[in-house]
Visitor: 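Below is a structure I'd like to ask you about.
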2 protein chains.
Amino acid sequence: MNLSERKKKILRAVVDRYVETAEPVGSKGIASMLSVSSATVRNEMAELENLGLLEQPHTSAGRVPTSLGYRIYVNELMEQQRLSFEDTELINKALRSRVQQLDKIISEAGRVTSLLTNYPAYALAVSTQSVTITRFDLIHVDKHTFVIVAILSNDSVKNKLVHLHFEVEADMLTKLAATFNARFTGIPEEEITPILIQSTERAVGDTTGLVSIVAGFAIEILLETKSRETFLTGTSHLLEHPEFQDIGKARKVLKYLSNDDELLKLPTPELAGNAKITIGPENLAEELKDSSVVVAKYNAGDNLQGIIGVVGPTRMDYEKVAARLSYIAQGLSWLLSGGFTLMGIDDKDE
Amino acid sequence: MNLSERKKKILRAVVDRYVETAEPVGSKGIASMLSVSSATVRNEMAELENLGLLEQPHTSAGRVPTSLGYRIYVNELMEQQRLSFEDTELINKALRSRVQQLDKIISEAGRVTSLLTNYPAYALAVSTQSVTITRFDLIHVDKHTFVIVAILSNDSVKNKLVHLHFEVEADMLTKLAATFNARFTGIPEEEITPILIQSTERAVGDTTGLVSIVAGFAIEILLETKSRETFLTGTSHLLEHPEFQDIGKARKVLKYLSNDDELLKLPTPELAGNAKITIGPENLAEELKDSSVVVAKYNAGDNLQGIIGVVGPTRMDYEKVAARLSYIAQGLSWLLSGGFTLMGIDDKDE
DNA sequence: TTTAGCACTCTTGACCTTCGAGTGCTAAAC
DNA sequence: GTTTAGCACTCGAAGGTCAAGAGTGCTAAA
């Protein structure tokens with residue numbers, strides 16, 4: 001869109017002021033900022049309204065940006081904001097927490113996102129590639145107990161402690177592990193069929209159900225890694241914003257966000273680190289037609305990537321939110337894919 | 001409290017009706033149920049009001065139960081409700097889901113609780129006893145890779161895949177595991193000191209940092225099991241109830257619930273399975289003085305117990321909520337402490 | 001092209017009125 | 001002594017009116 005410099009300034013001023021005050025902005029306030037008269041501003045505003053960038057809630061009110069107006073603002077007027085030192089420190093600290101479990105880190109990232117933006121935040125982890133088991137180990141603990149350890153193709157490791165009501169020898173477990181390594185590695189969940197299980201039972205001469213136990217575990221963890229994890233935090237922030245004083249609206253959005261399946265359908269940016277902004281009616285979901293979504297992608301190793309995002313009214317400080325989100329996503333990418341640390345060693349900085 | 005039969009009937013009727021309609025109940029409606037005149041009911045109601053069990057929002061309105069009124073209702077008038085077949089089936093199905101990870105089961109229990117009660121639900125898992133590691137195994141995967149497996153005193157198993165930038169022999173890992181089993185088992189996190197780590201390094205002649213890696217992992221998981229897990233679901237349900245049409249109230253409660261630390265302070269029932277009800281001002285938290293909390297405890301083995309609960313307005317169908325919550329808590333206890341199943345075998349009923 | 005001036009529009013909040021549900025009280029009935 | 005019919009009374013909810021004020025569009029002058 002080709003706007004004169006003055007129109008750009010006015011649009012920018014309207015957006016900034018409306019974001020701050022949540023009230024329609026009149027020509028007078030803007031006029032003083034540009035040192036022109038209010039009448040001039042009114043004329044310009046009328047043209048911006050014709051272009052579909054501004055609108056009036058009613059004839060005798062000030063102007064409010066339309067979603068198209070926000071779009072222009074985001075595409076052409078917005079600048080890359082630098083984060084304050086306090087903000088980056090807060091983010092770094094949250095991400096550098098001691099517990100290094102994947103889902104803890106991700107949910108923590110969601111928490112800090114919500115904290116820094118004052119909007120509800122969600123965080124997703126999505127595996128992009130089908131996972132298989134690359135190795136089985138069976139550890140004999142005592143006569144009635146052993147541990148199944150499975151190493152997955154995405155380098156995560158899963159385990160389960162099994163109590164038996166019959167006895168089992170370490171030798172038997174070693175043999176069984178070898179068989180599983182021969183027959184059950186490198187195959188997806190769908191190929192672990194009852195037929196395979198039965199033929200394996202015959203092969204090792206198992207009548208106790210041991211094979212079923214281990215195979216069942218294999219199925220379970222493969223299914224589990226397929227499933228996506230979602231975290232939602234800071235929902236109460238939604239109610240702080242005047243556009244959600246209408247309980248009905250707030251409820252609609254909150255309900256939508258509580259549904260994990262819907263969260264997975266939300267927009268996804270192509271590039272990691274860069275924030276993607278979806279404004280009002282640009283959202284596919286009916287429930288979000290009045291809301292905006294800002295998301296950023298992070299990479300967590302070859303097999304996993306994820307999204308963090310916030311949801312709020314279209315009247316949102318896109319500059320600030322996008323900057324924070326990008327930073328957090330970049331931090332996550334770094335932490336999860338490259339920045340391996342020797343645990344317990346480099347955290348003397350607490 | 002010693003009430004005449006008729007007063008009990010009237011109190012019960014007022015509570016039931018108010019729970020249903022959310023509007024102050026007048027003498028007329030009650031009168032028809034007891035086949036007396038409205039004037040009689042009015043007299044009785046006036047006495048109930050003197051006793052502090054009912055109150056009027058304003059002079060010319062019907063009556064509403066006070067928190068004391070609800071308390072009497074819960075203590076003396078409420079009956080044990082049986083769940084419908086549909087409800088029990090729904091609960092069973094949710095708890096019997098395929099993925100058997102502990103936190104998944106617990107969060108799922110929260111989800112179904114919220115679904116069945118139409119209130120926000122929370123679920124906590126609290127370990128009651130200090131956990132130690134009972135056994136280490138180090139599995140050699142390839143020259144640069146191995147897996148640490150630690151079995152804990154509460155029968156859970158933790159692991160981590162470690163990539164090294166130097167090479168390591170299987171023999172070394174075997175030796176290291178033996179050392180850790182000798183020195184690091186049965187001790188709490190506080191006793192894994194830098195001094196212990198250094199002396200262990202000298203004992204096995206480790207200059208590569210391997211000992212630090214394994215010890216760091218031990219510290220991490222011991223810290224992690226100490227931390228409590230909380231899950232909150234169904235927050236949007238709160239907004240469905242007329243007492244939370246006031247955004248300010250809703251926000252206060254939602255914000256309170258979003259704080260994990262606060263959730264841990266909520267009331268705890270003594271007996272597993274039995275629901276405990278805390279009404280309005282009985283709650284210690286200022287934020288919940290207008291709300292009620294119903295909680296039930298479940299046991300999950302010797303070392304772990306937890307709470308599931310719902311939060312809603314004092315105008316709550318305590319009978320229904322308490323029954324559902326007890327059932328879910330009992331189901332969880334059974335599932336997590338006793339009812340071991342051979343995974344992947346007994347779920348043909350899907 | 002910009003600006004001062006002015007009539008016009010529309011929301012907001014204050015204030016009033018009406019309506020009706022429900023009450024408390026009194027006196028009569030059982 | 002208890003119950004009930006009757007009636008005056010109270011108070012909130014809903015709707016209507018009105019004045020104030022913010023902001024606009026338009027016109028005509030600078």
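Treat the numbers as computed from the prediction; the structure is a model and nothing was measured. Proteins get letters first, then strands, A, B, ... in listed order; numbering begins at 1 in each.
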Visitor: Pairs under 3.5 angstrom, nitrogen or oxygen only, protein versus nucleotides 14-19 of chain C, please.
Guide:
none

Visitor: Tell me: CD of B:Glu44 to C1' of D:dT4, nearest whole Å?
Guide: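 The answer, rounded to whole Å, is 14 Å.
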Visitor: Test A:Ile328 against every option in A:Asp87, A:Leu83, A:Thr88, A:Ile91 by the side chain to side chain contact (heavy atoms under 4.5 Å, CB included) rule and name the one that passes.
Guide: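 It is A:Ile91, the one option of A:Asp87, A:Leu83, A:Thr88, A:Ile91 that forms the side chain to side chain contact (heavy atoms under 4.5 Å, CB included) with A:Ile328.
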Visitor: So A:Arg63 and A:Glu49, salt bridge (Lys or Arg N to Asp or Glu O under 4.0 Å) or not? Walk me through it.
Guide: CA-CA 9 Å; A:Arg63 254 77 171 204; A:Glu49 186 166 0; 2.8 Å; yes
Visitor: With B:Leu239 as reference, evaluate A:Lys252, A:Arg251, A:Lys255 under the side chain to side chain contact (heavy atoms under 4.5 Å, CB included) test and give the passing residue.
Guide: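 It is A:Arg251; the other options fail the test.
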Visitor: Between the side chains of B:Glu262 and B:Lys265, is the shortest nitrogen-to-carboxylate-oxygen separation below 4.0 Å, so that they form an ion pair?
Guide: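 Here B:Lys265 pairs with B:Glu262 in a salt bridge, since their nearest N and O are under 4.0 Å apart.
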Visitor: Quick one, give me the B/S/- string for nucleotides 23-30 of chain C, reading 5' to 3', where B means a protein heavy atom under 4.0 Å from the base and S means that only happens at the primed atoms, P, OP1 or OP2.
Guide: BBB-----
Visitor: Are more than 12 heavy atoms from other residues, nucleotides or ligands located less than 6.0 Å from atom CZ of B:Arg315?
Guide: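 Enclosed.
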Visitor: Quick check for you: to the nearest 0.5 Å, what is the distance between B:Glu282 atom CD and B:Tyr70 atom OH?
Guide: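 B:Glu282 CD to B:Tyr70 OH: 12.5 Å, rounded to 0.5 Å.
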Visitor: With sequence neighbours left out, write down each residue that passes side chain to side chain contact (heavy atoms under 4.5 Å, CB included) with A:Val74, or none if nothing qualifies.
Guide: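 By the side chain to side chain contact (heavy atoms under 4.5 Å, CB included) rule, A:Val74 matches A:Arg71, A:Met78, A:Ile277, A:Ile279, A:Tyr318.
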Visitor: Which residues pass the salt bridge (charged side-chain N to carboxylate O under 4.0 Å, His left out) test with B:Glu5, sequence neighbours left out?
Guide: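 Residues passing salt bridge (charged side-chain N to carboxylate O under 4.0 Å, His left out) with B:Glu5: B:Lys8.
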Visitor: With a 6.0 Å cut-off (strictly less than), is the heavy-atom count around CG of A:Leu284, excluding the residue itself, greater than 12?
Guide: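 No.
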Visitor: Rounded to the nearest 0.5 Å, how far does CD of B:Glu240 lie from CG of A:Leu254?
Guide: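 These two atoms lie 10.5 Å from each other.
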Visitor: Hey, where does DNA chain D pair up into stems, meaning at least three consecutive Watson-Crick or G-U pairs with distances under 3.5 Å?
Guide: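 When the pairs of DNA chain D are grouped into runs of at least three, the stems are C:1-30 with D:1-30.
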Visitor: Roughly how far, to the nearest 0.5 Å, is CG of B:Leu116 from CD of B:Glu86?
Guide: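 These two atoms lie 11.0 Å from each other.
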Visitor: Search all heavy atoms of B:Val15 against all heavy atoms of B:Pro65 and return the closest pair with its distance.
Guide: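 The answer is CG2-CG, 3.8 Å.
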Visitor: Polar atom pairs between nucleotides 13-20 of chain D and protein, under 3.5 Å, N or O only, would you list them?
Guide:
none

